[in-house]
Amino acid sequence: TSDGQLIIGAFDYKHKRVRDVMTSLEQCFMLEASLRLTFQTMYAIYSSGFTRIPVFEGARQNIVGVLYAKDLILVDPDDHIEIGTVLTFRGRQTLGHVFEGEMLDVVFKGFISSANHMLIAHKPLEGSLSRADQLEASPVTGLITLEDVLETVIQAEIVDE
Ligand code: ADP
């Protein structure tokens with residue numbers, strides 16, 4: 001990335017929205033809360049390479065928490081424990097929510113001031129509900145991480161392990 005590109009990227013990203021850079025729900029690597037952490041499941045998580053795995057109950061839309069790959073260090077694959085149990089043990093960390101139409105500079109500021117660098121994106125429903133109620137009711141369409149925003153700023157893929 002040249003200096004010029006960086007400056008253009010820094011101006012350009014402000015006009016982009018969550019939906020322009022998010023990972024769509026179909027492409028998310030997610031796991032069901034009732035799934036047991038067998039060697040095969042743990043190997044699938046390892047192979048995915050992702051740090052944070054959204055966990056759902058029933059439908060993929062219904063995200064109930066997030067599994068951190070690093071927490072698997074403490075899991076014995078012979079115990080076949082449920083993913084939901086790991087979440088409970090960890091204190092059921094939840095992810096924050098955004099609308100897919102929100103501007104990236106707003107989301108960026110949110111990322112900087114929060115401990116969680118992954119958010120669930122929703123397609124807003126028509127109507128006059130409050131923001132919180134609307135987020136609760138509207139369908140999940142993807143996830144966005146700080147890296148998605150940073151890549152837009154630097155206009156290049158961040159090479160990661
Ligand atoms: P990681 O730390 O797992 O490498 P990053 O936050 O660096 O994840 O994001 C890298 C890219 O991978 C981004 O485009 C992000 O949207 C996507 N991503 C992150 N977690 C997942 C996941 N569980 N499933 C699918 N894509 C993901």
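We count residues from 1, following the sequence as given. Every heavy atom of this structure was used, including side-chain atoms; hydrogens, water molecules and symmetry mates were not. Both ligands and their constituent atoms are indexed starting at 1 by order of listing.
- At under 3.5 Å, a nitrogen or oxygen of F29, whether backbone or side chain, sits near a nitrogen or oxygen of ligand 1.
- For L119 against V107, the heavy-atom pair with the smallest separation is CD1-CG1, 3.8 Å.
- Side-chain contact annotation: T88 with T85, donor-acceptor N/O pair under 3.5 Å absent.
- Proximity of L6 to I154: side-chain heavy atoms (C-beta onward) are separated by under 4.5 Å at one or more points.
- Contacts between T51 and ligand 1 below 4.0 angstrom, taking non-hydrogen atoms only, involve backbone and side chain alike.
- Aromatic ring orientation, Y43 versus Y46: tilted (interplanar angle from 30° to 60°).
- Counting non-hydrogen atoms of other residues, nucleotides and ligands closer than 6.0 Å to CD of E136 gives a total of 12 or fewer.
- Close contacts between ligand 1 and M118 involve ligand atoms 19 (C), 20 (N) [criterion: under 4.0 Å to a heavy atom].
- Numbered from 1 in the order shown, with element, the atoms of ligand 1 that lie under 4.0 Å from a heavy atom of P54 read 23 (N).
- The aromatic rings of Y13 and F108 stand perpendicular to each other, their planes meeting at an angle above 60°, with 30° marking the opposite boundary.
- For ligand 1, the atoms sitting less than 4.0 Å from at least one non-hydrogen atom of L143 are 16 (O), numbered in the order shown with element in parentheses.
- Ligand 1 places these atoms under 4.0 Å from at least one heavy atom of D148: 13 (C), 14 (O), 15 (C), 16 (O).
- Contacts with ligand 1 closer than 4.0 Å are made by backbone heavy atoms (N, CA, C, O) of Q27 only, the side chain lying farther away.
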